[in-house]
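Position 1 is the first residue of the sequence; numbering continues from there.
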Amino acid sequence: GLIGFSRSSRSVNYRTPLIIVLLIITPFCGWGQVDTIADQKLQEVVIMAKLPTVEMKSGKMTYRLDASITQSQGNVYDVLTSLPGVVIQNDGTIFLNGQNGANILMDGKPTYLSGQDLVNLLKSTPASITDKIDLITHPSARYDASGNSGIIDIRTKKILRRGMNLSVNGSYDQGKYGEGFASTTLNLRTNKLNFYLSYSYSRKNDYDDLYVERNYLEGWRPEGETGQMTQSSYRTWKNTSNYYRFGIDYQMSDKTTIGFSTDGNLAGNKVEGDMNSSIPKRSPQTGGSLRTLNDQNRSQDNFTAVLSLTHTFNSDGGVLDASMDYLRYRYEEDQYLNSQDTLFGDMDGGIHLYSGQANLVWPFSKSFTFHAGAKTSFVSINNNADYNRLQGDSWQSDHDLSCDFQYDENINAGYIQLDAKFSSVSLEAGLRLENTRIEGEQSGNAYQRDSSFTNHYTHLFPTLSVQYALRNGNSLSLTYGKRIVRPNYRDLNPFVYIHDEYTYDKGNTLLRPELSDNLELAYIHGDLFRVGLAFNYTKDVIIKSYLDQGNYVVYVSPENLSSRVSVGPRLSTSQLPLTSFWNVNVSASLIYNRYRLPENYQVKVNKRWTPNIGISNQFNFARTWSAELIGFYNGKMAAGQATIYPLWQINAGIQKKIWKGRGTIQLFARDIFHSNVSRMSVMTPTQHAFIKERMNRTVVGISLTYRINRGLEVKESRRKHSVDESKRINL
């Protein structure tokens, strides 16, 4: 069992001394009552404690959603955007501590999605089925080497208590539009069998209010025109999602457990809106306005299955775990555009992934532990786009836009790691080898030739963590890791996606992976706070670029920049007790980013210091009442060609336990001051653009949760006045 006992709002393990004290004092105090039973048998000790909202460990920050009021509601996208240091742009680009390239995992497994597909998955996953989120800035060699700024691991709930555990949750929040969530989680656990099942349904209405202003630089302005263009768009989104997850673990013996789990998401969204483009007139013959209607219908199906095995060799910690994974992602989308002409697009595609991995942990002694493992994965992607233009009364195929793209990737990896512990020094040194093989093919037609590309490369990824113990539980740590960011599948896709007559998205099959070196020196003061100085150098940074095609047409396409350097201090704390009822957690950083741009740009370097700070306040007024106030501020940030403007957000909530602690009712508000607005300026070789985008983030909501626990076994103590090791002490 797990013991959590709150002392100065810090989680400390006091299993043995605490139980002994309880056993000694219980017969004498009686809590004001006379003991009339001659021979009592202690059957179970239950220690009530509250999990900390934030946990600080070396190279990792853990945010527990159940311990938070505002972060346990809505969807995972809402939760991630409220975490300090995490910025998610609407195109799916994720920044962690001022650096892009964070890798998203779910239950330790890569999602293999990017861009809008990843955003749709996060918005379709309810926060109510999520247990915690780990922000890992220094992953060990066991993890895939992808993600140069670190890993964001979203962990779903898996109840370990014996018997039947049922949780039902429903919530509704209202902003400009309403949003509703309903979920249920069932867990049945016996001595050898554990079965778990989760289902959730969500319905969300959203909006996207976009404003773009473009100003062409001298020498690039179209002849006879002002060189200025403004665009405004208002789109509404109607999203529905069905999420399910179930699994079973069976303990074959005291040392061997096998498991099977599967989860999936059936989601659909409908987007309706328009784009109004205006070019100010310099003369009666030039300029004008154009309105583009853009309606979309999209459905997606995400399914994963995992077969796992865990075997324990000895009581010293020797463990072998292995798993086989399968992932299938499919989507269908149709798009209708109407402006100067009428265009209809029919798109579909899918991802199939097969992977297998095995990991071994073997302790040689109390001082040395050996880790080793291997992994192989095969990914196959197929995307099709069929565009047709209305010519008179008939539809004619548009061969310039239609496309068929096939992509195959195989990654083989192996790693070793040695952990060593001495009197005052702890060491973790690892080496990971990854071999990547890529093949892509774009089918042609009567107007386009077939094209294909291949890429094979192998890299070594060393990791090192050294921690030196000082007096009074303090320590110094030094960490180093080499990481890689492979091009997203969507970024390699050469499809042209049309927003309106002037704005297009297009992939780039020539993208190279970016490689980074990460170094951090930190001072750790007990379990109170951690302060460090981090350095990152990244080569061939992948950033969205804005390519001018003439006549005010812009293609948004990813490309490799020369390099990026990031350096700056970071501070993180555990829950600090300000009073008996008020705990606070702080996370802060000041990061300097310097991007070196290609030679043809007007500005050769984009550099800036970026402050980030997040503060979480937890209030416990009584046994049944608690409240929360959370806020974050992300400062102005350099991001390749773009400069992202500051944004901030304040969330608040209050919670009341009801039905003898089995239920909770919560009132919450997110983005109270309507301040989380995305603003960005972009400097290209030909123009300077400003972009402002607002979505439905300001909401007020209510949530109700009810839990049932049945069948918890209570075993009789074997000896008087003692507790057997097998007793459960539950939170």
Salt bridge (Lys or Arg N to Asp or Glu O under 4.0 Å) evaluation trace for K421 with D419: CA-CA 7 Å; K421 294 183 179 180; D419 299 349; over 6 Å; no
Worked verdict on L547 versus S545 for side-chain contact (heavy atoms from CB on, under 4.5 Å): CA-CA 6 Å; L547 309 176; S545 61; 3.9 Å; yes
Derivation and outcome, side-chain contact (heavy atoms from CB on, under 4.5 Å), residues L492 and L511: CA-CA 7 Å; L492 289 169; L511 285 176; 4.2 Å; yes
Steps toward side-chain contact (heavy atoms from CB on, under 4.5 Å) verdict (I438, D408): CA-CA 6 Å; I438 294 173; D408 295 290; over 6 Å; no
Pair F529-I524, side-chain contact (heavy atoms from CB on, under 4.5 Å): steps then yes or no: CA-CA 6 Å; F529 69 87; I524 304 170; over 6 Å; no
Candidate pair Y480 and F535, rule ring pair (Phe, Tyr, Trp, His ring centres under 6.0 Å), full reasoning: CA-CA 10 Å; Y480 167 78; F535 172 83; over 10 Å; no
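Using modelled atom types, one side-chain atom of D153 and one backbone atom of G108 make a donor-acceptor pair closer than 3.5 Å. In this structure a side-chain-to-backbone donor-acceptor pair under 3.5 Å is missing from D131 to R64. Between the side chain of T262 and the backbone N or O of T304, at least one donor-acceptor pair lies under 3.5 Å. Side chain of T130 to main chain of K132: no donor-acceptor pair is present (N/O by atom type, distance under 3.5 Å, no hydrogens or angles). With N75 contributing its side chain and Y77 its backbone, the two residues share a donor-acceptor pair below 3.5 Å. A distance-only check finds a donor-acceptor pair linking the side chain of N606 to the backbone of A642 [under 3.5 Å]. In terms of modelled atom types and a separation under 3.5 Å, the side chain of N435 and the main chain of T458 share no donor-acceptor contact. Under the 3.5 Å distance criterion, the side-chain polar atoms of T573 are matched with a main-chain donor or acceptor of V586. Using modelled atom types, no side-chain atom of E428 and backbone atom of L418 make a donor-acceptor pair closer than 3.5 Å. Within the 3.5 Å criterion, the main-chain N or O of T256 finds a donor-acceptor partner in the side chain of S253.
Here the straight-line distance linking atom OG of S572 with atom CG of N585 works out to 8.0 Å at 0.5 Å rounding. Taking CZ from F260 and OG from S323, the interatomic distance works out to 12.5 Å, rounded to the nearest 0.5 Å. The distance from the OG atom of S557 to the CG atom of N508 is 5.0 Å, given to the nearest 0.5 Å. Taking OG1 of T62 as the reference point, atom CG of L65 lies at 11.5 Å (rounded to 0.5 Å). The structure places CZ of R142 at 10.0 Å from CG of L360, a figure rounded to the nearest 0.5 Å. With rounding to the nearest 0.5 angstrom, the CG atom of D491 is 12.0 Å from the OG1 atom of T509.
R564 and T538 form a side-chain donor-acceptor contact under 3.5 Å, judged by distance and modelled atom types alone. No hydrogens or angles considered: a donor-acceptor pair under 3.5 Å links the side chains of H525 and Y523. Using modelled atom types, one finds no donor on one side chain facing an acceptor on the other under 3.5 Å when comparing T257 with Q251. For N382 and Y407, the side-chain atoms include no donor-acceptor pair closer than 3.5 Å.
A 4.5 Å side-chain heavy-atom check between Y457 and R486 finds at least one atom pair inside the cut-off. F364 places none of its side-chain heavy atoms less than 4.5 Å from the side chain of T369. Looking at T643 and K636, their side chains come closer than 4.5 Å, going by heavy atoms from C-beta outward. You'll find the side chain of I152 reaches within 4.5 Å of the side chain of I94, heavy atoms only. Proximity of L590 to W609: side-chain heavy atoms (C-beta onward) are separated by under 4.5 Å at one or more points. In this structure, the side chains of Y326 and M324 stay at 4.5 Å or more apart for every pair of heavy atoms. Taking 4.5 Å as the limit, some side-chain heavy atom of L528 sits within range of a side-chain heavy atom of L576. Residues I154 and L122 form a side-chain contact, since some pair of their non-hydrogen atoms from C-beta on lies under 4.5 Å apart.
Residue K482 places its NZ atom among more than 12 non-hydrogen atoms of other residues, nucleotides or ligands, all under 6.0 Å distant. At most 12 non-hydrogen atoms from other residues, nucleotides or ligands lie less than 6.0 angstrom from OH of Y468. The local environment of OH in Y143 is sparse, with at most 12 non-hydrogen atoms from other residues, nucleotides or ligands closer than 6.0 Å.
A salt bridge does not link R483 with D517: every distance from a Lys NZ or Arg NE/NH1/NH2 to an Asp or Glu carboxylate oxygen is 4.0 Å or more. Using a cut-off of 4.0 Å between Lys/Arg side-chain N and Asp/Glu carboxylate O, D144 and K375 are scored as salt-bridged. Ionic pairing of R432 and E434 is present here: one or more N-O contacts between side-chain nitrogen and carboxylate oxygen are shorter than 4.0 angstrom. Salt bridge status for R512 with D540: present, with a side-chain N to carboxylate O gap under 4.0 Å. Using a cutoff of 4.0 Å between basic side-chain nitrogens and carboxylate oxygens, R530 and E520 are scored as salt-bridged.
Shortest non-hydrogen contact noted between S377 and N410 is O-ND2, 2.9 Å. Across every non-hydrogen atom of D134 and R155, the tightest pair is OD2-CG, 4.3 Å. When every heavy atom of Y196 is checked against every heavy atom of S261, the shortest pair comes out as OH-CB, 3.4 Å. Nearest heavy atom pair, residue F95 against residue A639, reads CZ-CB, 3.8 Å. Nearest approach of T310 to V319, heavy atoms of both residues: CG2-CG1, 4.0 Å. What you find for P558 and I542 is that their closest heavy atoms are CB-CG2, 4.2 Å.
Of the residues listed (N488, D505, N383), the one engaging N493 in a side-chain contact (heavy atoms from CB on, under 4.5 Å) is N383, and it is the only one.
The aromatic rings of F313 and W362 lie perpendicular to each other, with more than 60° between the two planes, well past the 30° mark.
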